[in-house]
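So that the names make sense, note that chain A is the first sequence line, chain B the second, and so on, each numbered from 1.
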Number of protein chains: 2
Amino acid sequence: MESPPSPHRDPDGGEARRRTATIYEVAERAGVSIATVSRVLRGTIPVAPGTAERVREAVAELRYRPSHLGRGLAERQHAANGIVFPDLSGPYYAEVVLGYESVAAELGRSVLILSSHGRPTARDMVLDLAARVDGLVVCTRTVDDETVREVAATGTPVVLIARPPVADVDTITTENRDSAARLADHLLGHGYRRFVFLGDADRSSDFAERFEGVRQVIPAIIPITCGFDEDGGFRAAEAVRLQKPDAVICGNDEVALGLTRATRGSVPVTGWDDVMAARYAGLTTVRQPMRELGARAARLLDERITGARGEPHHDILPTQLVVRSSCGPHPKEET
Amino acid sequence: MESPPSPHRDPDGGEARRRTATIYEVAERAGVSIATVSRVLRGTIPVAPGTAERVREAVAELRYRPSHLGRGLAERQHAANGIVFPDLSGPYYAEVVLGYESVAAELGRSVLILSSHGRPTARDMVLDLAARVDGLVVCTRTVDDETVREVAATGTPVVLIARPPVADVDTITTENRDSAARLADHLLGHGYRRFVFLGDADRSSDFAERFEGVRQVIPAIIPITCGFDEDGGFRAAEAVRLQKPDAVICGNDEVALGLTRATRGSVPVTGWDDVMAARYAGLTTVRQPMRELGARAARLLDERITGARGEPHHDILPTQLVVRSSCGPHPKEET
DNA sequence: CTGGCACATGTAAGCGCTTACAACAAGACC
DNA sequence: GGTCTTGTTGTAAGCGCTTACATGTGCCAG
């Protein structure tokens with residue numbers, strides 16, 4: 001019972017700056033082997049009640065917390081998921097991440113985040129992240145298909161958000177084309193005839209689909225490229241003005257808001273996402289369930305990690321047209 | 001050179017569903033020992049150029065990525081930091097996290113996030129998180145002082161954001177009292193005399209300090225408690241109305257915005273934070289450098305983790321009054 | 001020719017866990 | 001009383017890495 005020959009460092013001595021107790025110290029204190037401690041903690045194999053009690057006491061006294069590193073190595077899993085997104089500055093990704101974290105936490109998994117910030121090293125960072133999680137969510141075009149394929153090839157499940165499928169990886173998107181067409185219809189109902197689409201369809205499949213949806217209804221729409229944020233919309237004002245459009249359909253709310261600021265509301269505008277500021281700016285937009293997007297991703301990922309499902313899923317979440325004042329005066333026509 | 005007696009599983013055979021290559025396979029392929037592979041990868045000890053080249057080739061061919069678990073165990077560190085916040089729905093924490101991630105990534109550390117969501121198990125979740133990171137940032141009142149102390153006691157550095165110091169842990173806050181007093185002065189300049197402070201000073205030290213700052217100038221101010229989000233402000237409208245205030249000073253922008261929505265702008269209001277929506281709502285507020293808050297936290301943490309600094313820091317970041325229209329008409333008085 | 005040294009590399013002991021397998025004690029059964 | 005269970009616990013082999021130490025080689029001074 002006294003000091004079983006453990007290969008580990010002498011557990012007594014200066015209690016002071018010890019990082020944290022190990023399973024060996026708990027075992028010694030409880031007078032059992034480390035295997036028994038492990039069994040009590042994980043509840044895998046029944047342990048005599050008295051023994052279990054002693055172990056639990058030792059755990060409490062030592063404030064023992066199992067090392068995730070040790071456990072992970074032995075179990076060959078991380079109990080953690082990752083999520084990669086371009087940025088967190090807009091409300092969009094914040095909401096997605098929030099929904100994701102919320103479900104992942106419920107499922108007992110930690111969440112590692114990685115913002116690519118458009119860094120050129122994004123590929124490496126993602127590969128690195130993939131090596132420390134059991135599954136990964138990749139938002140939009142943060143890395144190229146090749147990288148996604150490489151991660152998937154190592155056996156790490158991947159879920160793509162707002163991005164076209166790669167290999168047989170799961171994807172979740174929100175409905176774009178139909179709502180875009182509906183939005184266009186609405187604008188046509190205002191009597192507008194000359195349109196500009198503001199955004200960057202090449203760098204986002206969401207934008208591309210929205211553009212396509214609109215163009216189905218308004219073939220002559222003029223695309224103008226700009227950045228994804230307020231600043232992008234603001235700077236594009238001059239280019240937009242040159243086209244003298246009756247209305248501008250923006251790829252997202254931030255661009256719409258930025259443009260509105262530049263034009264001081266002189267041009268009818270619509271956005272996409274329905275962020276908080278959109279409500280206060282009276283922006284007509286399309287609401288998409290951002291939080292749900294993240295939550296679903298977490299669940300799909302979990303199904304893959306636990307092996308509950310084999311075939312790839314491609315979910316599409318519904319969106320909703322929200323008419324406010326930014327598209328101009330109009331006989332009320334709510335959706 | 002052929003199959004050195006390794007205790008590990010036979011590395012050849014079905015390449016198909018292998019999770020990922022190990023250092024043993026790289027070593028075998030390059031015809032060296034695992035020690036040499038490790039040395040090449042980490043660059044710790046010089047290796048003959050030819051050998052190094054062979055190792056690098058093997059690494060590339062096998063798409064080898066070192067296991068963070070193995071490495072972490074051996075090095076006794078996680079190369080990861082955590083951050084705990086109550087929620088990510090408002091822009092405030094999203095910005096903080098963004099700034100934090102940005103710097104942490106630069107420093108080569110992964111970021112684990114944990115949203116407490118007011119869950120009763122928050123304490124355990126934080127303790128658990130602490131066991132898988134090298135350092136931890138705790139925002140606001142997500143967990144009690146006891147928990148912070150316990151984490152700090154295990155030797156894991158902790159940085160507190162927007163929260164009073166605990167033990168000798170680092171803290172970062174933004175300036176509240178003075179700006180609050182300045183804000184109050186400004187409102188007095190409008191000729192207002194009867195004030196309400198809307199927020200929950202008991203659950204946030206930021207709110208408490210803002211309230212104190214205001215009360216220094218307006219001793220008779222009436223505090224009303226409400227939730228931290230738009231909904232909280234919206235619901236408090238009736239209680240506020242009963243007090244017939246000349247102006248309402250809210251603890252943050254979201255509350256102010258919610259209240260404004262309920263009163264339809266009939267009562268002068270101020271917020272705090274300067275979130276995106278505040279600009280569009282014309283909200284008079286106090287801007288605080290949210291992203292910088294996170295960035296500084298990441299740096300302070302790093303200093304502690306690397307042991308570059310011993311004494312605790314208590315940083316206070318400056319804030320800035322932003323006057324817009326929500327506080328009512330007034331001879332222009334910018335700050 | 002030999003001892004010594006620098007350099008390159010291999011050997012093996014951990015890091016903190018999980019778990020297959022072995023060992024052992026106490027009944028149960030014939 | 002002997003054998004077989006059943007229940008409980010210990011032993012030890014990994015999991016994939018890092019690194020102190022040992023080993024081996026080539027070269028130079030003596």
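Mapped onto DNA chain D by nearest heavy atom, B:Gly70 and B:Ala35 fall at different nucleotides, with B:Gly70 at the one closer to the 5' end.
Here the side chain of A:Arg304 pairs a donor or acceptor atom with the backbone of A:Gly310 at under 3.5 angstrom.
Taking side-chain N and O atoms only, A:Ser33 has a distance below 4.0 Å to OP1 or OP2 of D:dG10. At D:dG16, none of the side-chain N or O atoms of B:Arg71 fall inside 4.0 Å of OP1 or OP2 (strictly under the cut-off). A sub-4.0 Å separation between OP1 or OP2 of D:dT8 and a side-chain N or O of A:Thr36 is absent. OP1 or OP2 of D:dC17 has at least one side-chain nitrogen or oxygen of B:Tyr64 nearer than 4.0 Å.
Pairs of residues two or more places apart, or lying in two chains, that qualify as salt bridge (Lys or Arg N to Asp or Glu O under 4.0 Å) and include a residue from residues 30-43 of chain B are B:Arg42-B:Glu75. Among residues at least two apart or in separate chains, salt bridge (Lys or Arg N to Asp or Glu O under 4.0 Å) pairs with a member in residues 102-116 of chain A are A:Arg109-A:Asp134, A:Arg109-A:Asp302.
In this structure, of D:dC17, C:dG16, D:dT9, it is D:dT9 that holds the atom nearest to the side chain of A:Val47.
Within residues 37-45 of chain B, the residues approached by DNA chain D to less than 4.0 Å at the level of any non-hydrogen atom are B:Ser38, B:Arg39, B:Arg42, in residue-number order.
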Listed pairs under 3.5 Å, donor-acceptor, residues 45-61 of chain B side chains, sequence neighbours left out:
residue : atom : partner : partner atom : Å
B:Arg54 : NH1  : B:Ala30 : O            : 2.9
B:Glu61 : OE1  : B:Arg29 : NE           : 2.6
B:Glu61 : OE1  : B:Arg29 : NH2          : 2.9

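Between the side chains of B:Thr156 and B:Thr154, at least one donor N or O lies within less than 3.5 Å of an accepting N or O. A donor atom on one side chain and an acceptor atom on the other are found under 3.5 Å apart for A:Glu101 and B:His117.
Exactly one residue among B:Val138, B:Val169, B:Ile172 makes a side-chain contact (heavy atoms from CB on, under 4.5 Å) with B:Val159. That residue is B:Ile172.
Residues that satisfy the side-chain contact (heavy atoms from CB on, under 4.5 Å) test with B:Arg203, not counting sequence neighbours, are B:Asp200, B:Phe228.
Straight-line distance from the NE2 atom of A:His78 to the P atom of D:dC15: 15 Å, rounded to whole Å.
Rounded to 10°, the helix from C:dC1-D:dG30 to C:dC30-D:dG1 has 60° between the axis fitted to its first five pairs and the one fitted to its last five.
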